[in-house]
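Counting from 1, the numbers follow the sequence of the chain as shown.
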Amino acid sequence: MQKCTITPENAVLGAKISDVDLKATLHQKIKESIRTSLFEYSVLLFQKQSLTKQQQVHFSQIFGQPVPHPTNTRDRDEEVAEITIISNVVNNGRELGALGNSEVKFHSDLVFLYAPGSVSILQCLETPESGGETYWSSNIAAYDTLSPEMVKRLRGLKVIYKHRNQAYNPDPLSCRPLLCTHPDSRKKFLFVSSSSAQRIQGMGLEESQSLLDSLFVHTTQDKFVWEHKWSKGDIIVWDNRTTLHRRNSLDSNQRRIMYRTQILGPLTI
């Protein structure tokens, strides 16, 4: 009989899912348990897995329909378009995948699109001994620790988002509420992604930037953050709505290869 064991991490978010082989045809109850766990813990870690690209796409369907990355066409896999390669490896002068060696600061994926990233899945094929560690912060915990006065101030406010590459932006620009209710779990969360936030709608630029800066600091406090050091065979699934994520920089002499799948969906109800 199939089973899976759910062990919460010692943090405000994150859980380890063990005793499950993701290559297998999973029973519907196991799929439902995994999906429910994601909305409970926001980040799920599966260890010692080894999925083909097609198997990763199939597993990702537990959370929705994976799509080819909406903006990154260069790093899509040639055989399986739903797979995006994340890598710092360079072969014969050609980059194998996206993001290279640089640090990536806290953000939520594709927030500048009308249908932003809802769930992301990342499988580790190769990883260095150090560098490339990834961090997730909890937007739910960030909401829960807002003062009643701040909740009142933020209620009804929306942030305009814009990617630095104008070709990626819809017209008009996407505009998202700061205070959200998760469409599946109905949990409340604070949503603000610094990577492409432009300003708060209807607010003066100076006041808007001051409030955004304070919210950026609030959402990424250490007490809201869980860190993961990758190992080969790790698969991490995260909810882009209730988390922000970032990663450390990498040594260019140490290889890192990941397969990513992406699901899009509503931010809030």
Quick check on N91: does its CG atom have over 12 non-hydrogen neighbours (other residues, nucleotides or ligands) under 6.0 Å away?
yes
Quiz item: So, R260 and D109, do they make that salt bridge, N to O below 4.0 Å?
Solution: yes
Looking only at heavy atoms, the pair that brings F112 and P170 closest together is O-CD, 3.3 Å
Problem - Donor-acceptor contact below 3.5 Å, side chain R76 vs main chain H69 - result: yes
According to a 4.5 Å side-chain heavy-atom criterion applied to Ile, Leu, Val, Met, Phe, Trp and Tyr, with indirect links allowed, do V43 and Y41 form part of one hydrophobic cluster? no
- Message: Within the structure provided, determine whether V12 and D144 are in side-chain contact (heavy-atom separation under 4.5 Å).
- Response: no
Between Q49 and L22 (side chain of the first, backbone of the second, donor and acceptor by atom type, cut-off under 3.5 Å), is there such a pair? yes
**Item:** Same apolar cluster (I L V M F W Y, side chains within < 4.5 Å links), I236/L250
**Value:** no
### Message
Under 3.5 Å, is there a donor on one side chain and an acceptor on the other for N101 and S252?
### Response
no
message = Do L212 and V151 land in one hydrophobic cluster if side-chain heavy atoms of ILVMFWY residues count as linked below 4.5 Å?
response = yes
Tightest non-hydrogen contact, residues A142 and F224, listed as CA-CE1, 3.9 Å
- So, T181 and K188: side-chain donor and acceptor under 3.5 Å apart, yes or no? yes
Practice problem: May I ask you to decide if S33's main-chain N or O and S37's side chain share a donor-acceptor pair within less than 3.5 Å? | Solution: yes
Residues V111 and S174: closest non-hydrogen pair is O-OG, 3.2 Å
* **R164 atom CZ, over 12 foreign heavy atoms within 6.0 Å** => no
Paired with D234, the side chain to side chain donor-acceptor pair (under 3.5 Å) test is passed by just one of H228, Q123, K229, namely H228
Can you confirm whether the side chains of R246 and N248 place a donor and an acceptor under 3.5 Å from each other? yes
Residue D19 excluded, over 12 heavy atoms near CG under 6.0 Å: yes
Between G117 and N240 the two heavy atoms that sit nearest each other are O-CB, 3.1 Å
- Item | Trace of the side-chain contact (heavy atoms from CB on, under 4.5 Å) decision for I6 with E40 | CA-CA 11 Å; I6 303 164; E40 175 66 24; over 6 Å; no
Check: Just checking, any donor-acceptor pair under 3.5 angstrom between side chains of T242 and S42?
Finding: yes
- Single-linkage hydrophobic cluster, 4.5 Å side-chain cutoff, I17 and I121 together: yes
Is S210 reaching over with its side chain to a backbone N or O of E207, donor-acceptor style, under 3.5 angstrom? no
Between I34 and V237, is a side-chain contact (heavy atoms from CB on, under 4.5 Å) present by the stated rule, with each step listed? CA-CA 10 Å; I34 291 172; V237 182; over 6 Å; no
Those residues at least two apart in sequence (or on a different chain) that pass salt bridge (Lys or Arg N to Asp or Glu O under 4.0 Å) with K31 are none
Q. Would I235 and Y259 satisfy side-chain contact (heavy atoms from CB on, under 4.5 Å), going step by step from the backbone distance to the final call?
A. CA-CA 9 Å; I235 293 178; Y259 287 163; over 6 Å; no
**Check: E129 main-chain N/O paired with Q254 side-chain donor or acceptor under 3.5 Å** = yes
_Treating K48 as the side-chain partner and S18 as the backbone partner, does any N or O pair qualify as donor plus acceptor under 3.5 Å?_
no
If only atom types and distance count, is the side chain of R241 paired as donor or acceptor with the main-chain N or O of N139 below 3.5 Å? no
task = Would you check if T71 and N165 make a side-chain contact, meaning some heavy-atom pair closer than 4.5 Å?
result = no
Within 6.0 angstrom of K16 NZ, more than 12 heavy atoms from elsewhere: no
Q. Tell me, do L13 and I140 make a side-chain contact under 4.5 Å, heavy atoms counted?
A. no
Could you walk me through whether C124 and M258 pass the side-chain contact (heavy atoms from CB on, under 4.5 Å) check?
CA-CA 5 Å; C124 178; M258 306 275 192; 3.5 Å; yes
Is the shortest distance from a Lys or Arg side-chain nitrogen in K53 or E82 to a carboxylate oxygen in the other one below 4.0 Å?
no
Treat each ILVMFWY residue as a node, draw an edge where side-chain heavy atoms are under 4.5 Å apart, and state whether I62 and L38 are in one component.
yes
query = Which of parallel (below 30°), tilted (30 to 60°) and perpendicular (above 60°) describes F46 and F59?
reply = perpendicular
Practice problem: Would you check if the side chain of D75 reaches a backbone N or O of T84 as a donor-acceptor pair within less than 3.5 Å? | Solution: no
Here the pair of heavy atoms bringing R256 nearest to P128 is CB-CD, 3.9 Å
- Message: Heavy-atom count check: over 12 atoms from other residues, nucleotides or ligands less than 6.0 Å from Q166 CD?
- Response: yes
Is the number of heavy atoms from other residues, nucleotides or ligands under 6.0 Å of Q28 CD greater than 12? yes
CD of E9 to CG of L44, rounded to nearest 0.5 Å, is 10.0 Å
K158 and C175 have their tightest heavy-atom pair at CB-SG, 3.4 Å
**OP:** Using atom types as modelled and distance alone, determine if a side-chain donor or acceptor of Q262 lies under 3.5 Å from a backbone N or O of V119.
**Re:** yes
G97 backbone acceptor or donor facing S87 side chain under 3.5 Å: no
